[in-house]
Structures are given as C-alpha cells and as structure tokens.
Asker: 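After the structure tokens below, expect a handful of questions from me.
A note on names: the letters A, B, ... follow the listed sequences, proteins ahead of strands, and every chain is numbered from 1.
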Amino acid sequence: MPLVDIASILDGEHDGEEVTIRGWMYNHRSSGGIQFLMVRDGSGVIQCTLPRDRVPEETYKRVEKLPLESVVELRGVVKVDERAPNGRELSITEVVNLWEAQPGYPITRKRHGVEFLLDHRHLYIRDPKMQAILRIRSKVLEAARDWLREHGYTETHSPSFITAACEGGATLFSVDYFGRKDVYLTQSWQLYAEALIYTLGKIYTIAPSFRAEKSRTRRHLAEYWHLEVEEPWTDLWGIMKVGDELVTHICHRVAEEMPRELKSLGRDPKELLRLEPPYPRITYDEALEILRKDGIELEWGDDFGWREEEPLTRHFDTPFWVTHFPIGVKAFYHKPDPKRPEVTLSADMLAPEGYGEIIGGGQRIDDYDELLTRIVEEGLNPEDYSWYLDLRKWGSVPHSGFGLGVERLIMWICHLDHIRDAIPFPRDVRRVFP
RNA sequence: GCCGCCGUAGCUCAGCCUGGUAGAGCGCCCGGCUGUUAACCGGAUGGUCGACGGUUCAAAUCCGUCCGGCGGCGCCA
C-alpha cells in the first residue's frame, strides 16, 4: 500500500485508489456516527472521513478522543467529493497507527490575537495558511536560483561581519567582535559584490541583511533575506531587464506550480501569469507629476515616503520601475547620469496594490575620482572605503546590480497584509523570541 | 526618534465613563449526535483584573510610574 503525499492526492493523482498517508491531525469534527479528521503533512491538508462501522469500536472511540496535533497513519480510498474542503477526501479503511499528543494544544481554530500567535510562532507555523506561505517562499527562491543559473550567474557570498556602512543613512547593528567595537552586521553585500564581479563575472547571492531601523510598519523586518545581483558590462537599462525577467519568471513558476496555495491566500494565479516584461518605467520626475495630479506635492530632491509611494502604486496593476532618483536620496555609489548629473542612474521596482518597493538598484560609479568625490560629499571617511576604491584602479568597467527584498516580494505574491508572515520566525524592533 | 491604541479565565472580549463581593462566547474535560466545514447541542471546570504606588469606608473601575504588546510616521528592501 503506497505511502503518498497529501498534495499528490489533492492534485488528483490517486482518485479511486487505496493509499496510506501519514500526518498531524490539525482539526477534528465528530457527528456521532461519522468523524472528520483534518490531516496535514508537509505538502498539504486533507479531510479524512471515518464512519463508525468502518473500524473496531475501540479504535473509533480512541480516534474520537485523539488530541489535536496527534500523529496518524491512515489507509483509505481517495474520493472526489464536493463536500470536502479541497474537493477530495480520504475515506478511511484502516487506522494503521496513532501517536497521541498531549491534550491542550494552544492554537485552536478560533480567533487569536497577534501577540498570542507571535508568542506561539513555533506552533503557529503549522497553520495551513503559514504552511502555504512557507511553501511558496521555497518556490520563490527555487525559481530565482533556476533563472539565475540558467542565465549564467554564479552564486557567491559576502561576509555578515563588516566594519563600514554600505548604505549611508541606514542604521547598523553593532556586535562585540572579540572585544572590537567597530564591527557591525551587514546591511547589503554591495561593496563585496563589486569586488567579486572582477573574479566571477555575473553573480548573485541570497542571504540575510540586518537593519537596526526602529521601524514599526508592516513592511519592515530587522533581519530580512536579500536577493542581490551584480554584473559587469551592464548599465541601468540592462539591469532593469534582468529584474523584469527574474521577477516574471518567479511569478510564473509560483503561479504554475503552487496554484492551490495561492488561492488559499486570496491570490488568483492568473494575476501572476499575465505578467510580461518589460514592466512600465517612469522617471522620478514623471512620478512627481503623477502625484501632483493626485494632489500630493513633493519638493524635487526629496525621497519618497510612504505617503508618496503608496498612492503611486495605485496607478499600476503590475510591478513598475521608478528611475533617475535625485543625487543624495540614493547611496553614494550610484552613478550620476552623465547627461544630467543632478540625478543618478538608479531604479526601484515597486509592486502594485499598495505594496511598494521590492527592488532597489542601478548603475554603480566605475571611475576612481568620481567615487572619491561622492564619498567625500556624503561626509564619509575615504579610509573606511580604501579597498572599495582600489577596485576602480585595476580593470574597472561599467557595472550594475540590484537588491531584492525576498519577504517584500513574497508579501506581494501572497497578498499578505504584514511582512512578518513571509518569514517563519520574524525579527523586528520588539521581537527576537521565539 | 515621534504619534495613537491595548493589557480582565487557556483563547477572543464585555464590564471601566457614572467606584460597592468577576461576566459571555470559544477551548480543555464529561455526555449526545451517521456529512461535518471556525460543526452543533447539554453539563462541568476555570481569574492575585500586567506590576508597583496613591486617593477612598471601599479600586478591574479614579490618579501616577513602570513593564509588555499592537498600529502608524520617519527611514529603508
């Protein structure tokens, strides 16, 4: 009797067959003569039916008293039935094995508050909603790696312990590094990536970044996963094309391979399948004009706040780019536009529907003197960036890259209302436990 | 760094304004029900009202301080 995944049953691969499943009982309903067990394995959730006359009375009563999150091994026949929550159910023929959990599982099918669920995060991740999100998260990263590998990018890594800021304004976590006080957790692989392209060419990384911003919004984490790409011989337009194709590939793969999970989260897979590159592109100046027509005034040279970013995303129904931000609102290494030095060759990709920025990137400064000037202008100490400046002395070429906020992308794909559910154990200014 | 809200049973909350012996629903436990969908029905259990201090004959309720949490701004991915 084959032991099968619940997902394969839900996908219709075993209709009418007798199979065995193994999983955790996440809910249980009884109607006297028939019991309904909701069973979850790593792949999905299925309803199992157990009529009283199907098994010995002793077994029936034992199942009836089984505490939530007990482990069950069940044999049964797969039936297509509209009354089952996912359209298919397992009609139990034999209760093969039971491993009883303790009574009193804290998370019930009723309402819980945010604080309670975060305090019980180690258990809440078992919830079918969290299971669906985390499975999509895995698919997002799998699809990204596949696309990057197929297009000639090499995965590589940068250190998490660093000594100098790479983004001017953002706040750093300081750590006690063998007693040294000037060591921090990284915010981006940016400076190291620019060193690595001269040995590996087109590269990417998927790694955590740390920001000690005391942000209290539904879009921020103190520890988030950063998918960063950097490549030589590429300008602003080239790197935007990479972003377009990468995000499109990820969305298509998730829509094709995880439609059930997307639907359970309120995202229609068709909304992802219809995406095609290139995404719309507007300049910072054009964005200001759109906002002005909405009655939102922003002085030229100021960065977008959420007050500007959120309404702008309502003008689009796909991700879109905002390019050519004024010098000063982006980090020092962004290359000023030779045709218009008051703006940089920078670009942010914003998700629609009020989700906002998911990618930030652009073309980097490749000239030594220009880079040194910008470091000084930003009030930074050139000595902190000595090795980074070195890169412009030997074989410097035009190069570009971007950083994608993995949880931001997942948040939009999964239609979440808070970024914390895009990661199993979120870290923010108030929470590092569990 | 700033603004706002919340802490009462295992959970979600009412009670607080107008001070007078602690409430509901759900869960757990017991019983019933042969198609449930957050199942339902009956019963039982369950609380130093976040902590400390003050006012008062009397504080969950009024005042102060602290702790914890949530939402938002700024900043960013």
Side-chain angles (χ1 to χ4, degrees), chain A residues 26-38 45 47-54 60-61 64-65 67-68 79 81-87 89 91 102-120 127-129 166-172 187-190 207-228 243 302-310 325 329-331 348-351 355-361 402-412 417-420 422-423 428-431 433:
Chain A
Y26 100 91
N27 200 14
H28 177 249
R29 293 182 284 269
S30 169
S31 188
I34 183 168
Q35 296 181 56
F36 301 89
L37 283 69
M38 301 301 292
V45 180
Q47 171 169 287
C48 304
T49 58
L50 181 63
R52 184 182 284 272
D53 53 17
R54 192 69 59 77
Y60 190 84
K61 287 203 164 144
E64 200 165 28
K65 298 216 179 279
L68 293 185
K79 293 189 171 164
D81 194 316
E82 285 180 6
R83 294 170 294 186
N86 275 322
E89 63 186 18
S91 181
Q102 287 186 30
Y105 184 65
I107 298 180
T108 68
R109 302 270 67 80
K110 299 291 178 182
R111 268 243 172 281
H112 291 291
V114 174
E115 182 179 3
F116 179 82
L117 291 177
L118 286 172
D119 284 342
H120 293 81
D127 186 275
K129 178 190 168 183
C166 54
E167 311 279 345
T171 320
L172 293 157
Q187 299 175 327
S188 162
W189 83 330
Q190 184 57 43
S209 279
F210 306 90
R211 306 253 167 132
E213 297 155 358
K214 292 183 178 172
S215 302
R216 295 208 41 75
T217 81
R218 57 187 63 197
R219 306 179 307 282
H220 288 84
L221 293 168
E223 176 183 11
Y224 68 97
W225 283 73
H226 215 164
L227 191 169
E228 297 179 275
D302 286 348
D303 199 5
F304 293 158
W306 190 240
R307 185 180 289 248
E308 292 79 32
E309 191 173 324
E310 195 274 339
F325 286 88
V329 315
K330 291 288 173 189
D348 285 357
M349 185 191 285
L350 278 65
Y355 281 95
E357 186 175 0
I358 52 177
I359 284 180
F402 62 76
L404 180 154
V406 172
E407 288 78 16
R408 290 261 179 100
L409 177 62
I410 293 166
M411 186 186 175
W412 169 64
D417 57 16
H418 203 296
I419 197 168
R420 65 174 153 237
I423 188 168
D428 65 30
V429 63
R430 294 272 170 90
R431 189 172 283 278
F433 181 90

Asker: When all nucleic acid strands are considered with a 4.0 Å heavy-atom cut-off, which category describes A:Glu309: base, sugar-phosphate, or nothing?
Answerer: base
Asker: A:Arg52 CZ to B:G35 P: how many Å, rounded?
Answerer: 13 Å
Asker: Tell me what A:Glu228 touches on the nucleic acid: a base, only sugar-phosphate, or nothing, going by heavy atoms under 4.0 Å.
Answerer: nothing
Asker: So does A:Arg211 pair up with A:Asp428, basic N to acidic O under 4.0 Å?
Answerer: no
Asker: So if I take every side-chain heavy atom of A:Arg307 and compare against B:G35, B:G74, B:A77, which nucleotide ends up nearest?
Answerer: B:G74
Asker: Between A:Arg54 and A:Thr49, is any side-chain donor less than 3.5 angstrom from a side-chain acceptor?
Answerer: no
Asker: Testing the basics here: between A:Val45 and A:Asn86, what is the closest heavy-atom pair and its distance to 0.1 Å?
Answerer: O-ND2, 3.1 Å
Asker: If the P atom of B:A24 is compared with that of B:C66, how far apart are they to the nearest Å?
Answerer: 36 Å
Asker: Checking base pairs now: Watson-Crick or wobble, both atom distances under 3.5 Å. What partners B:C33?
Answerer: none
Asker: Classify the side chain of A:Gln47 and the base of B:U36 as holding, or not holding, a donor-acceptor pair under 3.5 Å.
Answerer: yes
Asker: What is the distance from CD of A:Glu82 to P of B:G35, rounded to the nearest Å?
Answerer: 17 Å
Asker: Output the rounded distance in Å from CZ (A:Arg111) to C1' (B:C11).
Answerer: 12 Å
Asker: With sequence neighbours left out, write down each residue that passes side chain to side chain contact (heavy atoms under 4.5 Å, CB included) with A:Glu223, or none if nothing qualifies.
Answerer: A:Pro208, A:Phe210, A:Arg427
Asker: May I ask you to check whether A:Glu64 and A:Ser30 show a side-chain donor-acceptor distance below 3.5 Å?
Answerer: yes
Asker: Just how far, in rounded Å, is P of B:A77 from CD1 of A:Ile419?
Answerer: 12 Å
Asker: For A:Phe116, which contact category applies under a 4.0 Å heavy-atom criterion: base, sugar-phosphate, or nothing?
Answerer: sugar-phosphate
Asker: Taking a pair as Watson-Crick or G-U wobble with both distances under 3.5 Å, which nucleotide is matched to B:C5?
Answerer: B:G69
Asker: Can you tell me how far C1' of B:G69 sits from CZ of A:Phe433, to the nearest Å?
Answerer: 15 Å
Asker: Let me know the distance between CD of A:Glu310 and C1' of B:C76, rounded to the nearest Å.
Answerer: 17 Å
Asker: A:Leu172 CG to B:C76 C1': how many Å, rounded?
Answerer: 13 Å
Asker: Answer with base, sugar-phosphate or nothing: what part of the nucleic acid does A:Arg54 contact at a heavy-atom distance below 4.0 Å?
Answerer: nothing
Asker: Using the P atom as the point on both nucleotides, what is the distance between B:A77 and B:A9, in whole Å?
Answerer: 42 Å
Asker: Provide a list of protein-nucleic acid N or O atom pairs under 3.5 angstrom, restricted to nucleotides 1-6 of chain B.
Answerer:
residue	atom	partner	partner atom	Å
B:G1	OP1	A:Lys214	NZ	2.9
B:G1	O6	A:Lys214	O	3.1

Asker: Using a heavy-atom cut-off of 4.0 Å across all strands, would you classify A:Pro106 as base, sugar-phosphate, or nothing?
Answerer: nothing
Asker: Using atom names, set out every protein N or O paired with an N or O of nucleotides 44-49 of chain B below 3.5 Å, distance rounded to 0.1 Å.
Answerer:
none

Asker: Classify A:Leu409 by what it touches in the nucleic acid, base, sugar-phosphate, or nothing, heavy-atom distance under 4.0 Å.
Answerer: nothing
Asker: Could you tell me whether A:Asp303 contacts a base, only the sugar-phosphate backbone, or nothing, with contacts defined as non-hydrogen atoms closer than 4.0 Å?
Answerer: sugar-phosphate
Asker: Among B:A38, B:G74, B:G35, which is the nearest nucleotide to the side chain of A:Trp306?
Answerer: B:G74
Asker: So A:Arg431, base contact, sugar-phosphate only, or nothing? Heavy-atom distance under 4.0 Å.
Answerer: sugar-phosphate
Asker: When you check the phosphate oxygens OP1 and OP2 of B:G71, does a side-chain N or O of A:His418 lie under 4.0 Å from one of them?
Answerer: yes
Asker: Please report the closest heavy-atom contact between A:Ala84 and A:Glu89, naming both atoms and the distance.
Answerer: CB-OE1, 3.6 Å
Asker: How long is the line joining CH2 of A:Trp412 and C1' of B:A77, in whole Å?
Answerer: 15 Å
Asker: Would you measure the distance from the P atom in B:C13 across to the matching atom in B:G20 and give it in whole Å?
Answerer: 24 Å
Asker: Mark yes or no for whether A:Gln35, through its side chain, and A:Tyr60, through its backbone, hold a donor-acceptor pair below 3.5 Å.
Answerer: yes
Asker: Mind checking the P distance from B:C30 to B:G7? Whole angstroms is fine.
Answerer: 34 Å
Asker: Looking at residues at least two apart in the chain, or sitting in another chain, which of them share a side chain to side chain contact (heavy atoms under 4.5 Å, CB included) with A:Arg307?
Answerer: none
Asker: Closer than 3.5 angstrom, by distance alone: can the side chain of A:Thr217 be matched with the main-chain N or O of A:Arg219 as a donor-acceptor pair?
Answerer: yes
Asker: Distance between the P atoms of B:C2 and B:U21, in whole angstroms?
Answerer: 42 Å
Asker: If B:A77 has a Watson-Crick or G-U wobble mate with both distances under 3.5 Å, name it; if not, just say none.
Answerer: none
Asker: Side chain of A:Leu221 only, please: which of B:U36, B:A77, B:C33 is the nearest?
Answerer: B:A77
Asker: When you get a sec, tell me which of B:G71, B:C75, B:A77 is the closest nucleotide to the side chain of A:His226?
Answerer: B:A77
Asker: Supply the atom-to-atom distance A:Asp348 CG to A:Lys330 NZ, rounded to the nearest 0.5 angstrom.
Answerer: 3.0 Å
Asker: Please list, pair by pair, any protein nitrogen or oxygen found under 3.5 Å from a nitrogen or oxygen in nucleotides 28-31 of chain B.
Answerer:
residue	atom	partner	partner atom	Å
B:G31	OP2	A:Lys65	NZ	2.9

Asker: Counting the atoms with a prime plus P, OP1 and OP2 as sugar-phosphate, which does A:His120 contact under 4.0 Å by heavy atoms, base, sugar-phosphate, or nothing?
Answerer: nothing
Asker: Considering only atom C1', compute the distance from B:C40 to B:G27 and round it to an integer number of Å.
Answerer: 15 Å
Asker: What residues, two or more places apart in sequence or in another chain, satisfy side chain to side chain contact (heavy atoms under 4.5 Å, CB included) together with A:Arg111?
Answerer: none
Asker: Write down the distance separating the P atoms in B:A14 and B:U56, rounded off to the nearest Å.
Answerer: 31 Å
Asker: For the C1' atoms, the ones on B:C33 and on B:G43, what distance do you get once it is rounded to whole angstrom?
Answerer: 16 Å
Asker: Using salt bridge (Lys or Arg N to Asp or Glu O under 4.0 Å), reason through A:Asp81 and A:Lys79 one step at a time and then give a plain yes or no.
Answerer: CA-CA 6 Å; A:Asp81 194 316; A:Lys79 293 189 171 164; over 6 Å; no
Asker: By nearest atom, which of the nucleotides B:G35, B:C73, B:A77 is closest to the A:Ser31 side chain?
Answerer: B:G35
Asker: At what distance, to the nearest 0.5 angstrom, does CD1 of A:Ile358 lie from CD of A:Glu407?
Answerer: 12.5 Å
Asker: Between atom NE2 of A:His112 and atom CD1 of A:Ile107, what is the distance when rounded to the nearest 0.5 Å?
Answerer: 6.0 Å
Asker: Please compare A:Asp417 and A:Glu115 by the position of their nearest nucleotide in RNA chain B and report the one closer to 5'.
Answerer: A:Glu115
Asker: Is any side-chain N of the basic residue among A:Asp127 and A:Lys129 closer than 4.0 Å to the acidic one's carboxylate O?
Answerer: no
Asker: Checking all strands, does A:Asn27 fall into the base, sugar-phosphate, or nothing category for heavy-atom contacts under 4.0 angstrom?
Answerer: sugar-phosphate
Asker: Side-chain contact, heavy-atom cut-off 4.5 Å: A:Phe325 with A:Phe304?
Answerer: yes
Asker: Decide yes or no, distance alone: a donor-acceptor N/O pair under 3.5 angstrom between the base of B:C76 and the side-chain of A:His220.
Answerer: yes
Asker: What nucleic acid atoms does A:Ser209 come within less than 4.0 Å of, heavy atoms only: base, sugar-phosphate, or nothing?
Answerer: nothing
